[in-house]
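Please read the structure below before turning to the comments.
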Amino acid sequence: MAPSPSMDSNSWDVISFAVDKGHGVKGLADLGLETLPKQYIQPPEEQITNSTVVTDDSIPVIDLSNWTDPKVAEQICHAAEKWGFFQIVNHGIPIDVLEDVKEATRRFFDLPAEQKNKHSKDNSPTNNVRYGTSFTPKAEKALEWKDFLSLFYASDDEAAAQWPSACRNEALDFMKKSEFVIRRLMEALMKGLNVKEIDGTKESLLMGSKRINLNYYPKCPEPELTVGVGRHSDVSTLTILLQDDIGGLYVKKLDSDSWVHVPPINGAIVINVGDALQILSNGRYKSIEHRVIANGIKNRISVPIFVNPRPSDAIGPLPEVLEGGEKPIYKKVLYSDYVKHFFRKAHDGKETVDFAKI
Ligand code: OGA
Ligand code: NI
């Protein structure tokens, strides 16, 4: 039966429509549903309420116009230790590159479902390109109100052959134009750990592979009952996140139960530490829980670049960090095993990192 706006979600197969046929939550939103399908209703403890949000504090905003100033490196390390999250301005990535990748994201999600679904897990000829909805629909008790296209970078030729043409060039351009920022951030963070030089081995551990996601959070009926993305930390070393001007990303304050909003700043980029860097730094840099609310008024997009170790790398605390006699709190784990563990379960806050705890 074809779904219509007034139909309740008991009378048609929402999962088949949104997940299997590839219409996604954008397809649900386009139907003009008046109520949220029950499959998306999150348990009350996952719904984001004002009572846990604080407005008198916020993640640092770091001005990178003066890279060589040692104070800038200090600010970066301090933010990575105390917040695990910060925004950067005057970073040198041209504003056109940022605007173009946002536009390309809208262009991709505006394609008909049949075209997007050619890139689904079941249909895509390559594992490096994956269109999907929610996070892991098969493992989740309640779905998340988000569609995504995830692109693992293998090479320019592979991207040219496999990435969807609606967004390929813009996604690649954002990845390339952000490379020097990533390198400088890593250099500053490594100095803070007493690592003098990023040699070949460290280069691989810190930024040996990359994945770029295009996220689409359509306008949602009854947004307070669901989430855009549930509580999680990233499995990256660093994440470079471009968001549009809608807002809705919340970050947990270190050692507290409070959440702070990450306000959109035109031209800024959000940076966060992921689990891999938390492990490499033996817990010095914090991979912090974050989540995204659903929005009842507007569509939102975001474009994270996940900077990762290579899948074949073993990650554990760096020798330089342990030099002074500090006890390791993580063991060495194969990065591909770590990532597999993350994708086997629904979003569950900070629990992934236990996989590497001693
Ligand atoms: C993510 C994520 C935040 C956002 O994709 O891991 O946390 O604002 N996204 O979309
Ligand atoms: Ni994230």
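What you see is a predicted model, and the numbers here were worked out from it, not measured in a lab. As the structure lists them, so they are numbered: ligands from 1, and atoms in each ligand from 1.
Remark: of the listed residues Arg107, Arg106, Lys102, Arg107 is the sole one forming a salt bridge (Lys or Arg N to Asp or Glu O under 4.0 Å) with Glu170. Checking each of Asn272, Val181, Ile212, Ile305 against Ile240 for a side chain to side chain contact (heavy atoms under 4.5 Å, CB included) leaves exactly one that passes, namely Ile305. Just one of Pro221, Ser134, Pro223 meets the side chain to side chain contact (heavy atoms under 4.5 Å, CB included) condition when paired with Trp145; it is Pro221. In summary, of the residues considered (His78, Lys286, Lys253), a side chain to side chain contact (heavy atoms under 4.5 Å, CB included) with Trp83 occurs for Lys253 alone.
The six-membered or imidazole ring of Tyr250 lies away from that of His290, with a centre-to-centre distance of 6.0 Å or more.
Protein residues are said to neighbour a ligand when one of their heavy atoms lies under 4.0 Å from it; for ligand 1 these are Asn215, Tyr217, His232, Asp234, Leu241, Leu249, His290, Val292, Arg300, Ser302, Pro304, Phe306.
Remark: at the Ni ion (ligand 2), atom NE2 from His232 and atom OD1 from Asp234 enclose 90°, rounded to the nearest 10 degrees.
Among residue pairs with one or both ends in residues 182-226, those qualifying as ring pair (Phe, Tyr, Trp, His ring centres under 6.0 Å) are Phe109-Tyr216; sequence neighbours excluded.
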